[in-house]
Amino acid sequence: MPELPEVETVARQLAPLLVGRTVKRLEILDTKLLNVSRPGRVRALSIADVRRLGKWITISLKGGKDLWIAVHLRMTGRLIFADGRAEKGATKNDSQQEDKHLRARLLLDQGELLFTDVRRFGEVRLLNDLAAITPKAIDPMSADFQPKRLAELLGKSKQELKAWLLRQDRLVGLGNIYASEILYRARLSPFRPAGELTTKEVGQLVKATRQILVKAVENCGTTFSDFQTAHGSIGSYQRFLKVYGREGQPCRRCSASVKRHNQQGRSTFYCEDCQNVD
DNA sequence: GGGTACCTGAAA
DNA sequence: TTTCAGGTACCC
């Protein structure tokens with residue numbers, strides 16, 4: 001579920017809620033989360049910082065030895081802050097559903113952070129440093145993301161552009177929704193060989209990527225089915241999606257029917273006319 | 001590089 | 001019953 005804008009949203013919302021709090025303990029409820037060794041180490045440390053690192057959310061703990069809690073949401077992970085007071089709005093049914101998928105919880109001096117994950121692909125790690133999860137690839141929201149740099153990365157790749165955009169070893173953070181949206185905005189075919197873009201097209205790609213990501217972050221990401229922000233509310237960028245999930249509906253620019261095509265086991269949405277697809 | 005697997009649940 | 005899902009690790 002979460003791509004860069006959703007992860008950024010969660011990190012930004014969690015920061016003011018968590019920074020300065022003291023950790024009481026970390027409870028691991030899902031035996032699949034084997035990467036967390038000696039969770040007792042977090043006890044009495046205070047939270048100094050919360051940020052996004054690629055698609056990871058890192059919580060930095062200070063006091064004695066430095067430690068980081070890192071969370072990857074994968075497809076259906078959620079990090080929700082609960083202030084401890086009973087939630088009047090939530091029905092009993094909702095909370096029971098939530099409990100069923102509760103995989104870990106971080107208890108604080110005030111409130112707690114809940115990690116829930118339906119499909120159990122998500123990860124929680126306890127790290128002494130961030131080396132293992134620090135991406136070598138470029139973050140498309142950073143100042144390093146420039147046309148010249150992207151052109152170098154694209155090189156002479158023959159891989160289809162949509163598939164190339166999903167490769168986290170070149171760019172970190174794009175996923176299946178935003179890859180389609182970005183290509184639509186840049187008016188580029190998802191099937192073009194990545195290394196054959198002209199200089200002008202690489203420029204369009206950079207511009208479209210920045211614009212889409214900025215607007216998605218401003219709108220707290222996209223909620224299709226699962227995604228929730230740290231407050232348990234949903235994102236609103238789905239209102240702005242031009243092609244993703246719109247198979248058979250008219251293109252908002254030219255009215256041609258939006259197409260869906262399976263590319264390496266994943267759905268790609270596009271407009272044949274606007275994106276010059278043969 | 002491209003398929004397949006990991007897991008669960010909702011929708012077709 | 002089958003297909004699909006905001007991700008990615010691991011196999012040829």
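Letters go in sequence order (proteins before strands), and every chain restarts at 1.
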Single-linkage hydrophobic cluster Val118(A)~Ile57(A), side-chain heavy atoms < 4.5 angstrom: no
Arg253(A) to Tyr184(A) six-membered ring, cation-pi geometry met (6.0 Å, 45°): yes
Closest to side chain of Gln168(A), choosing from dT8(C), dG9(B), dC7(B): dT8(C)
hydrophobic_cluster_shared for Val172(A) and Leu154(A), side chain cutoff 4.5 Å: no
Nearest listed nucleotide, side chain of Tyr244(A), among dC6(B), dA9(C), dA5(C): dA5(C)
Flag for Arg119(A)-Thr76(A): side-chain donor and acceptor within less than 3.5 Å: no
Phosphate-side-chain proximity, Gln159(A) and dG1(B), N/O vs OP1/OP2 below 4.0 Å: no
Protein-nucleotide distance (Met75(A), atom CE; dT8(B), atom C1'), rounded to Å: 11 Å
Nearest-nucleotide pick for Arg260(A), side chain only, options being dA5(C), dA9(C), dG9(B): dA5(C)
Sugar-phosphate, base or nothing in reach of Gly265(A), heavy atoms under 4.0 Å: nothing
Glu247(A) CD to dA11(B) P, straight-line distance once rounded to whole Å: 18 Å
Arg266(A) side chain near dC4(C) phosphate (N/O to OP1/OP2, under 4.0 Å): no
Among dC6(B), dG7(C), dG3(B), the one nearest His72(A) by side-chain distance: dG7(C)
Dot-bracket line, read 5' to 3' along DNA chain B, where crossing pairs take [ ] and | marks a partner on another strand, Watson-Crick or G-U under 3.5 Å: ||||||.|||||
Among dG9(B), dG7(C), dG2(B), the nucleotide that comes nearest once only the side chain of Lys100(A) is considered: dG9(B)
Any donor-acceptor N/O pair, Arg103(A) side chain to Asp117(A) backbone, under 3.5 Å: yes
Distance in angstrom units between Arg103(A) CZ and dC6(B) P, rounded: 17 Å
Ile234(A): side-chain contact (heavy atoms from CB on, under 4.5 Å) partners, not counting sequence neighbours: Thr223(A), Gln238(A)
Rounded distance (Å) that lies between atom C1' of dA5(B) and atom CD of Gln264(A): 16 Å
Nucleotide nearest Ser267(A) when distance is taken to its side chain, options dG1(B), dC4(C), dT8(C): dC4(C)
Within residues 231-239 of chain A, residues whose heavy atoms come under 4.0 Å of DNA chain C: none
Shortest non-hydrogen contact from Ala11(A) toward Arg52(A): CB-N, 3.8 Å
For atom CD of Gln263(A) and atom P of dG7(C), their distance in whole Å: 14 Å
For Lys55(A) against Leu174(A), the heavy-atom pair lying closest together: NZ-O, 3.2 Å
Leu29(A) backbone acceptor or donor facing Arg105(A) side chain under 3.5 Å: no
Partner set under ring pair (Phe, Tyr, Trp, His ring centres under 6.0 Å) for Phe191(A), not counting sequence neighbours: His261(A), Tyr270(A)
Listed partners of Gln249(A) passing side-chain contact (heavy atoms from CB on, under 4.5 Å), at least two apart: Arg246(A)
Short side-chain N/O contact from Lys55(A) to OP1 or OP2 of dG7(C), under 4.0 Å: yes
Residues Arg149(A) and Glu152(A) bridged, charged N to O under 4.0 Å: yes
Sorted by number, the residues of residues 119-141 of chain A with heavy-atom contact under 4.0 Å to DNA chain C: Arg119(A), Phe121(A)
Length of the line joining Phe191(A):CZ and dG1(B):C1', which is rounded to integer Å: 17 Å
Interatomic distance, Ile57(A) CD1 vs dG7(C) P [rounded to whole Å]: 14 Å
Length of the CG-C1' vector between Asp117(A) and dA5(C), whole Å: 13 Å
Salt bridge Arg12(A)-Glu8(A), side-chain N to carboxylate O under 4.0 Å: yes
